Amino acid sequence: MQPILPGLYRHTDASHVYVLVRDGRALLIEAGDGSVFERLGEAGAERVDALLLTHHHRDSAGGAQEAVRRGVPVYAPEGELEWLRDAEGYWQRRQLLNNYDPREHHRTLLENLEAHPLRDYGTFRWGETELRVLPTPGHTLGSVTLGLEWAGQKLVFSGDLIAGAGQVWSLAATQWTYNGGEGLAGTILSLLDLQERGFGLLLPTHGEPLGPEAIPPTVERLWELIRLRRHNPRLLQLREQPFEAITPHLLASRTSTANYYVLRSESGKALLFDFGYDFMFGAPGSTERAARRPWLYTLPALKKQHGVGQIEAVIPTHYHDDHVAGINLLREQYGTEVWCAENFADLLERPHAYDLPCLWFEPIPVDRRLPLETPLEWEEHRLTLHALPGHTRYAVAMLLEAGGKRVLVGGDQYSDGDGLGLNYVYPNEFRPSDYARSAELYARLRPDLILTGHWEPFSPGAGYFEALRERGEALQRLHAELVPLEARAWAKAHPYHLGLTTGSELSVRVFNPHPTPQTAHLYLHLPPGLEADRLEDVLELPPGGEAALAFRLTARAAGLRRARVGIGLRLGGRDYGTISEALVSTEEKDV
């Protein structure tokens, strides 16, 4: 048990374990193999209040099982929790043949560990001491550094981000995709972030205590390796200048996966349009929660370089994760409100109620629901939201009238450098007429400049709106020619995944593709343990229109998890069988 500072000790086994002691009570950073619990008396500790982990690898987290056995609560980065809580599931699911995922998840625990989340940018309070949770991807995507003031010094517990001056503990851990080098870039960005925040002493999970002078040689060597690999050649350039001016009032992020934009006012306030993954230096191919980590890396540059004093609100163009993933962090850390168009605000607040692609993992509360086709005066600017179905049914185009220009923020509706790509996805509830309608909208609004979700801004030239119209009409015609009329019917449940305690309503929306009114017959197939107020019913549908019918479901058995309710449909003289489904769970935690 080696003393480092008054009240701070280091125990070393499979990794370093740091022990903070005050009045006989201890806080542990990392767990090693757990042997630290037998040596606590040497540090004057009589009990342990909590154990904090910086990442999920078992050289530093293996002894956390001993903490749980002793009744000590364990905390870990929220992005690493699934590898700890469901370690046994990982070993059952782990792909052994034809595996292209090089991430070192095989270094996770061998048994499940119950751990509580450490929220990115949040604080962990231990008596009068506050530890700041800083996202520092590199060794793993979800790794954190824990910073605090102790004994008159500013300390950071950096996990395996750095092991010495010019050294990292594992280069293999930085390869997140097959032959990639994403963690190299993440390590550089994380180290430079720590350097700018300032610290007196850096305490790694492997290696000796370090001062700030250890960071430059480490960054230099990693950058040389990145250049040798021809990976992320613009990394430092983008870090230096993360935003570019499109107009005197509009900035575009240069570092995000999906473009987000900043509208500035003369007062120093700003609105953001979309905010997904801020600085995306690379990511694993997987889409699980641990592989999709938002952060707020470039936002300080808005104040330093562009005079933004307050980010008042963020307005998304649609609900997809690459456009909204960072919004909750933005709200928590900057007090930013969420303003959302009325046609998809419910999707942000209740993502589990929908069966759609690219839903974010957690609800995003909406502070203000914005009506469509209604101008909103904000500072000296005006914006109007218009429904924009196509890429997804639940989206808007925003017309900004700022600085004498008409700028249209169109999200992902159109793709490619010429702005003519038809970027539709069928599970997003695309309808063949959507692009003919959006062509009409664009022609009516006549913007001077169009901003897209993943491509460069452009000014529509001569013939652009006519080309949009022609392509939209051709798309609609080809769908009509290629797909038989009766094959276009559908039925969809809402909410898609219900959590039942005593009872809940299931609404089924049906589409009639026929040019004449039709009577739809809906019927349910229920699994054991579920009852409904009725098993079938009818509803009248207008030509080419939709209508919904509600059923009341009641659980008669506990322990249901994703029980399947089959939804049958007869329409236009045709029985479609079980055309769709809904899922039912009796525990809200399973929804």
Side-chain angles (χ1 to χ4, degrees), residues 13-17 29-34 52-65 74 76-113 115 117-118 120 135-146 157-164 167-191 204-207 218 221-222 225-226 229 231-232 280-293 295:
D13 43 54
S15 75
H16 295 322
V17 179
I29 313 295
E30 312 293 35
D33 64 11
L52 278 56
L53 302 174
T54 62
H55 61 294
H56 70 283
H57 288 171
R58 65 176 175 267
D59 57 340
S60 57
Q65 302 286 9
V74 177
E78 61 178 349
E80 306 265 291
L81 285 180
E82 66 181 84
W83 305 110
L84 299 170
R85 289 175 173 174
D86 191 29
E88 295 168 14
Y90 161 74
W91 291 107
Q92 295 299 320
R93 296 187 304 270
R94 187 185 179 208
Q95 186 172 350
L96 299 178
L97 302 178
N98 203 33
N99 178 25
Y100 277 77
D101 185 351
R103 288 177 293 167
E104 293 193 326
H105 292 322
H106 63 279
R107 295 179 62 191
T108 194
L109 304 185
L110 303 180
E111 300 174 343
N112 291 348
L113 173 74
L118 293 172
D120 283 351
T136 48
H139 185 70
T140 68
L141 180 58
S143 294
V144 299
T145 288
L146 301 169
F157 299 98
S158 59
D160 280 331
L161 181 68
I162 183 173
Q167 294 183 318
V168 296
W169 187 246
S170 171
L171 283 173
T174 65
Q175 195 164 68
W176 300 346
T177 61
Y178 196 74
N179 77 24
E182 298 79 12
L184 300 175
T187 301
I188 288 176
L189 294 176
S190 297
L191 287 172
T205 296
H206 296 88
T218 311
R221 288 177 182 173
L222 290 169
L225 183 56
I226 282 181
R229 290 294 311 274
H231 181 84
N232 256 316
M280 280 298 284
F281 51 86
S286 171
T287 59
E288 88 267 0
R289 178 64 177 88
R292 290 293 179 265
R293 186 186 197 183
W295 60 347

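Every value quoted in this text rests on a predicted model; they were computed, and no experiment measured them. Side-chain atoms are counted along with the backbone in the values below, which use heavy atoms only and exclude waters and symmetry mates.
- In this structure, the separation between CG on Asp33 and OG on Ser60 is 11.5 Å, given to the nearest 0.5 Å.
- With sequence neighbours excluded, the residues forming a salt bridge (charged side-chain N to carboxylate O under 4.0 Å, His left out) with Asp101 are Arg103, listed by chain and number.
- Counted by atom type alone, Ser15 and Glu30 present zero donor-acceptor pairs between their side chains at under 3.5 Å.
- Contact check for Ser190 versus Pro137: side-chain heavy atoms found under the 4.5 Å cut-off.
- Taken from CG in Leu110 to OH in Tyr90, the straight-line distance is 10.5 Å, to the nearest 0.5 Å.
- His16 pairs by the ring pair (Phe, Tyr, Trp, His ring centres under 6.0 Å) definition with nothing, not counting sequence neighbours.
- Note that the CZ atom of Arg221 and the CD1 atom of Ile188 stand 13.0 Å from one another [nearest 0.5 Å].
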| side-chain contact (heavy atoms from CB on, under 4.5 Å) between Leu189 and Trp295, worked out | CA-CA 12 Å; Leu189 294 176; Trp295 60 347; 4.1 Å; yes
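- To the nearest 0.5 Å, atom CG of residue Leu146 and atom CD1 of residue Ile29 are 5.5 Å apart.
- Judged by distance alone, with hydrogens and angles left aside, the side-chain atoms of Glu80 form no donor-acceptor pair with the main-chain N or O of Leu141 at under 3.5 Å.
- Atom CD of Gln175 sits about 10.0 Å away from atom OG of Ser170, to the nearest 0.5 Å.
- Not one N or O on the side chain of Arg94 forms a donor-acceptor pair closer than 3.5 Å with the backbone of His106.
- Not a single donor-acceptor pair under 3.5 Å links the side chain of Thr145 to the backbone N or O of Thr136.
- In terms of heavy-atom proximity, Thr205 sits nearest to Asp160 at CB-OD1, 3.5 Å.
- The one candidate from His206, His57, His139, His55 that meets the ring-ring contact (aromatic ring centres under 6.0 Å, His included) condition with Trp169 is His206.
- Contact record, Ala76 with Leu84: CB-CD1, 3.5 Å, taken as the closest heavy-atom pair.
- Considering every non-hydrogen atom in both Ala87 and Leu109, the closest pair reads CB-O, 3.4 Å.
- Minimum interatomic distance between Gly79 and Ala290 (heavy atoms only, all atoms of both residues): O-CB, 3.0 Å.
- Thr177 approaches Pro284 most closely through the heavy-atom pair CG2-CA, 3.8 Å.
- No donor-acceptor distance shorter than 3.5 angstrom exists from the side chain of Glu78 to the backbone of Pro117, with no hydrogens or angles considered.
- Classification of the His56-His105 ring pair by plane angle, with boundaries at 30° and 60°, yields tilted.
- Under the 3.5 Å distance criterion, the side-chain polar atoms of Asp59 are left unmatched by any main-chain donor or acceptor of Ala14.
- Using a 4.5 Å cut-off on side-chain heavy atoms (C-beta onward), Asn179 and Arg229 make contact.
- The two residues Leu161 and Val168 make their nearest non-hydrogen contact at O-CG1, 3.6 Å.
- Distance check: Thr187 OG1 to Leu222 CG gives 6.0 Å after rounding to the nearest 0.5 Å.
- You'll find the side chain of Leu171 reaches within 4.5 Å of the side chain of Leu184, heavy atoms only.
- When atom types are taken as modelled, the side chain of Gln95 and the backbone of Asn98 share a donor-acceptor pair closer than 3.5 angstrom.
- Between the side chain of Arg292 and the backbone N or O of Ala283 there is no donor-acceptor pair closer than 3.5 Å.
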